[in-house]
Amino acid sequence: MNDQKVRVRFAPSPTGGLHLGGVRTVLFNYLFAKQHNGTFVLRIEDTDQTRYVEGAEQYILDCLNWCGLHADESPEVGGPFAPYRQSERKALYREYAERLVAQGHAYYAFDTPAELEQKRKEIPNFQYGQAHRNEMRNSISLSEHEVDTLLDAHAPHVIRIKMPEDEHISFNDMIRGDVSFDTNLVDDKVLLKADGMPTYHLAVVVDDFLMKITHAFRGEEWLPSAPVHLLLWKYLGWWDQMPKWAHLPLILKPDGHGKLSKRDGARLGFPVYAMNWFDAKTQELTPGFRELGFLPEAFINLLATLGWNDGTEQEIFTLDELIEKFSIERVNKAGAKFDFEKAKWFNAEWIKRSSAESLAPKVKTILEDKGITVTDDNYLSKVIDTIKDRVVLLPDFYQQSSYFFAVPAEYDLNAVKPKWTDAKTVFFNTLSDTFKAAPVWQPAELEATFKALAEEKGLKIGDVMLPFRIMLVGGKFGPHVFDIATLLGQEETVNRIALALVAFTA
RNA sequence: GGCCCGUUCGUCUAGGGGUUAGGACAGGAGAUUUUCAUUCUUCAAACAGGGGUUCGAUUCCCCUACGGGCUACCA
């Protein structure tokens with residue numbers, strides 16, 4: 001590390017949907033970068049051609065956009081260190097691998113996959129390392145002549161790092177503190193594959209160096225291979241420019257244990273991906289938070305507090321607040337089980353705090369998908385304001401507001417018919433007439449009129465209030481009934497009383 | 001198996017050598033409400049175990065247990 005401008009990167013491989021944990025890694029990178037006035041780079045790690053999935057890169061980009069976590073440099077927007085797809089940088093990695101071979105820190109290995117498999121079968125806990133590399137076919141065990149012959153014949157080969165003996169390699173993780181490894185126990189990882197592509201190990205080091213990355217945040221699953229990366233930084237002569245590392249804790253299954261996977265989502269009924277992901281090959285649709293009805297602000301908020309807090313009791317944070325308050329040192333070391341109930345709570349909080357104006361476009365889409373055409377934006381805003389407190393997920397807006405746009409499709413007759421009386425019919429007929437003539441159409445006035453009339457007719461308020469609600473709404477739910485009537489308007493309210501009366505007395 | 005990382009209420013977590021171990025979600029009870037939700041009040045709920053160190057450990061150290069990750073020419 002040095003005092004140059006902060007540069008971080010998120011480096012996903014385009015192999016499928018974007019997992020919760022991935023978004024959280026993006027988020028932490030992003031927050032750190034923005035807080036330090038730094039640069040957030042998106043780099044695509046597509047060195048495994050066999051796992052490449054069409055559309056996955058665009059999907060990742062869409063997720064980032066939805067979350068509002070925009071990359072300063074990426075394959076799409078470009079940047080001074082382009083290209084940002086490792087497959088397009090293929091040519092450059094070999095040089096570094098060869099340099100390591102020349103220095104004696106790496107070597108050619110000619111073993112075929114079948115030979116390796118055989119060896120693993122023969123020897124329990126086989127590790128391609130100092131214990132066994134002499135038994136394999138590589139430029140350490142073979143004579144120089146044999147190696148040259150193989151190379152001249154273009155024999156398929158990989159380049160492996162040569163792990164040193166009896167060394168201790170350690171580093172200071174920003175989250176975990178000192179972590180150390182014994183090099184005798186780490187194997188000779190492949191650096192360059194037979195197809196000429198680098199493995200993650202080589203690519204991450206070369207690209208982090210070339211792209212001047214100052215801080216590298218990644219999931220805890222990478223911790224065991226950290227010594228390989230550290231050694232590469234050292235052997236390539238870049239030790240003093242190595243980024244500071246932070247290994248983020250994993251997000252675990254809510255029940256049992258283990259890393260959260262998309263299977264858990266399907267099993268337990270909640271999304272794991274940021275947005276819907278459709279796998280063209282398996283025709284399988286994996287649901288996403290966005291489509292389920294999460295606000296990106298809520299999604300970001302819940303992810304941020306999964307493993308991090310600012311030391312106060314604050315739980316709701318805007319992106320700007322997160323940028324201001326985030327600190328990598330306050331990230332927890334232990335993995336966190338994902339709690340969907342709490343996730344929904346965050347969303348409900350965010351909906352409550354959002355303005356009708358900001359919610360309107362989303363609600364409009366939801367309603368239109370259900371066949372409701374919204375013609376009056378002002379009316380929509382008022383509707384949103386009266387119901388948003390009872391919405392948890394965006395689609396709830398439909399269930400909570402459809403009656404504002406159309407006469408109830410059906411009534412909860414069980415709630416009214418058994419207790420219906422002629423006196424109630426008289427009451428509502430009179431109410432209708434009174435409402436028709438009402439000079440003021442506001443909640444307080446309507447309520448006063450309603451109560452006075454009920455009293456006059458000798459009816460208990462409660463006995464007519466619920467039927468009135470069902471006349472307007474269709475069911476036993478919704479905000480205060482006179483707020484509904486006010487919004488609905490004089491004509492529509494009177495109309496609904498008449499319509500419902502027919503159904504109730506049939 | 002080996003290596004690495006971890007362990008405070010059911011869950012997310014705050015705290016930190018002497019505290020009534022705090023908050024949030026979920027759960028219970030109650031208030032408000034004509035429904036439902038919101039809101040408010042309230043209850044229950046935790047320092048994995050064993051050794052040290054110490055006047056005193058949940059907090060520091062060690063061990064054990066448990067959990068997780070990695071152990072591919074995948075990332």
Side-chain angles (χ1 to χ4, degrees), chain A residues 11-15 45-48 50-51 109 111-113 116-117 120 124-128 156-160 173 175-176 179-182 184-187 189-201 203-204 218-227 247 249-250 252-259 302 305-316 332-346 348-349 352 387-392 396 400 412 415 447 450-451 454 460-470 473 475-482:
Chain A
S13 62
T15 54
E45 307 235 346
D46 55 350
T47 55
D48 186 352
T50 63
R51 292 216 307 164
D111 320 275
T112 65
L116 287 168
E117 199 184 321
R120 289 197 179 96
N125 302 325
F126 172 79
Q127 275 214 138
Y128 203 124
H157 64 276
V158 302
I159 292 179
R160 287 180 182 271
D173 188 281
I175 293 173
R176 284 149 218 288
V179 181
S180 67
F181 301 86
D182 178 348
N184 292 332
L185 301 166
V186 181
D187 59 347
K189 290 266 186 283
V190 170
L191 264 20
L192 199 75
K193 301 187 255 189
D195 65 1
M197 277 286 193
T199 59
Y200 171 84
H201 307 299
V204 73
R218 61 193 352 180
E220 192 186 357
E221 70 267 30
W222 289 110
L223 209 41
S225 52
H247 290 87
L250 268 15
L252 278 14
K253 302 175 196 295
D255 64 337
H257 297 283
K259 257 200 295 197
L302 74 93
T305 53
L306 200 55
W308 172 86
N309 72 83
D310 72 342
T312 72
E313 279 167 8
Q314 182 172 352
E315 303 224 51
I316 304 297
N332 274 299
K333 295 180 183 57
K337 288 184 190 169
F338 180 66
D339 181 357
F340 189 51
E341 290 306 316
K342 185 122 188 196
K344 284 193 290 193
W345 174 80
F346 274 110
E349 285 299 311
K352 273 187 281 189
I387 62 170
K388 66 180 184 181
D389 279 5
R390 58 197 68 221
V391 169
V392 174
D396 296 345
Q400 290 292 341
D412 184 351
E447 182 167 358
F450 188 97
K451 285 184 172 169
K460 280 200 283 187
I461 308 285
D463 288 345
V464 281
M465 201 70 92
L466 184 64
F468 186 40
R469 165 177 299 282
I470 291 172
V473 175
K476 294 191 281 185
F477 63 92
H480 287 274
V481 72
F482 297 105

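Each chain gets a letter, A, B and so on, in the order its sequence line appears, and its residues count up from 1.
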Quiz item: Taking all atoms of both residues into account, what is the closest heavy-atom pair of Pro249(A) and Ala334(A), and its distance?
Solution: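 That would be CB-O, 3.3 Å.
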
Quiz item: How close do Gln400(A) and Val391(A) get, heavy atom to heavy atom, and via which atoms?
Solution: CG-CG2, 4.3 Å

Rounding to an integer number of Å, can you tell me how far [X] [atom1] sits from [N] [atom2]?
X         : N      : atom1 : atom2 : value
Lys193(A) : A72(B) : NZ    : P     : 15 Å
Asn125(A) : G2(B)  : CG    : C1'   : 6 Å
Asp48(A)  : C73(B) : CG    : P     : 12 Å
Leu185(A) : C3(B)  : CG    : C1'   : 6 Å

Please state the [atom1] separation for the pair [N] and [M] - nearest whole angstrom.
N      : M      : atom1 : result
C47(B) : C25(B) : P     : 22 Å
A45(B) : G51(B) : P     : 26 Å
G10(B) : C4(B)  : P     : 31 Å
U7(B)  : G49(B) : P     : 15 Å
A57(B) : G15(B) : C1'   : 15 Å

Quiz item: What nucleic acid atoms does Val190(A) come within less than 4.0 Å of, heavy atoms only: base, sugar-phosphate, or nothing?
Solution: sugar-phosphate

Give me, pair by pair, the N or O atoms of the protein and of nucleotides 11-14 of chain B that are less than 3.5 Å apart, along with how far apart they are.
from   : atom 1 : to        : atom 2 : distance (Å)
C12(B) : OP1    : Lys337(A) : N      : 2.9
C12(B) : O2'    : Thr305(A) : O      : 3.4
U13(B) : OP1    : Gly307(A) : N      : 3.0
U13(B) : O3'    : Asn309(A) : ND2    : 2.8
A14(B) : OP1    : Asn309(A) : ND2    : 2.8

Practice problem: Let me know, please, whether Lys333(A) or Pro198(A) comes out on the 5' side of the other along RNA chain B by nearest nucleotide. | Solution: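 With Lys333(A) and Pro198(A) compared, the 5'-side residue is Lys333(A).
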
Practice problem: Could you pick out which residue, Glu45(A) or Gly475(A), lies toward the 5' side of RNA chain B when each is mapped onto its nearest nucleotide? | Solution: Gly475(A)

List for me each residue that meets side chain to side chain contact (heavy atoms under 4.5 Å, CB included) alongside [X], sequence neighbours excluded, and say none if there are none.
X         : value
Asp111(A) : Ala109(A), Glu115(A), Leu116(A), Tyr128(A), Met136(A), Arg137(A)
Pro254(A) : Leu260(A), Leu268(A), Phe270(A)
Glu220(A) : Arg176(A), Leu223(A), Leu250(A)
Ala343(A) : Phe294(A), Leu302(A), Phe338(A), Phe340(A)

Give none if [N] has no partner; otherwise give the nucleotide forming a Watson-Crick or G-U wobble pair with it, both distances under 3.5 Å.
N      : answer
U42(B) : G28(B)
C70(B) : G2(B)
G16(B) : none
U7(B)  : A65(B)

Quiz item: CD/Glu45(A) to OG1/Thr199(A) distance, rounded to the nearest 0.5 angstrom?
Solution: 10.0 Å

Quiz prompt | Counterpart residues, ring pair (Phe, Tyr, Trp, His ring centres under 6.0 Å), relative to Phe126(A) (two or more places apart) | solution =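 Only His132(A) meet the ring pair (Phe, Tyr, Trp, His ring centres under 6.0 Å) criterion with Phe126(A).
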
For [X], check side chain to side chain donor-acceptor pair (under 3.5 Å) against everything at least two apart and list the hits.
X         : result
His157(A) : Arg94(A)
Gln127(A) : none
Asn125(A) : none

Practice problem: Could you encode protein contacts along nucleotides 29-34 of chain B as a string, one character per nucleotide from 5' to 3', using B for base contact, S for sugar-phosphate-only contact and - for no contact, with a heavy-atom cut-off of under 4.0 Å? | Solution: ----SB

Quiz prompt | Contact letters for nucleotides 38-43 of chain B, in which S counts primed atoms plus P, OP1 and OP2 and B counts the base, heavy atoms under 4.0 Å | solution = SS----

Exercise. Evaluate salt bridge (charged side-chain N to carboxylate O under 4.0 Å, His left out) for Glu117(A) paired with Arg120(A), printing each intermediate quantity in order.
Key: CA-CA 5 Å; Glu117(A) 199 184 321; Arg120(A) 289 197 179 96; over 6 Å; no

Quiz item: Side chain of Asn309(A), backbone of Gly311(A): donor and acceptor closer than 3.5 Å?
Solution: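 It does hold such a pair.
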
Exercise. Please confirm whether the backbone N or O of Gln314(A) pairs with a side-chain atom of Thr312(A), one donor and one acceptor, at under 3.5 Å?
Key: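 Here the side-chain-to-backbone pair exists.
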
Quiz item: Between Tyr200(A) and Trp222(A), what is the ring plane arrangement, given parallel below 30°, perpendicular above 60°, and tilted in between?
Solution: parallel

Scan nucleotides 69-71 of chain B against the protein and return all N/O pairs shorter than 3.5 Å with their distances rounded to 0.1 Å.
from   : atom 1 : to        : atom 2 : distance (Å)
G69(B) : OP1    : Lys259(A) : N      : 3.1
C70(B) : OP1    : Lys259(A) : NZ     : 3.2

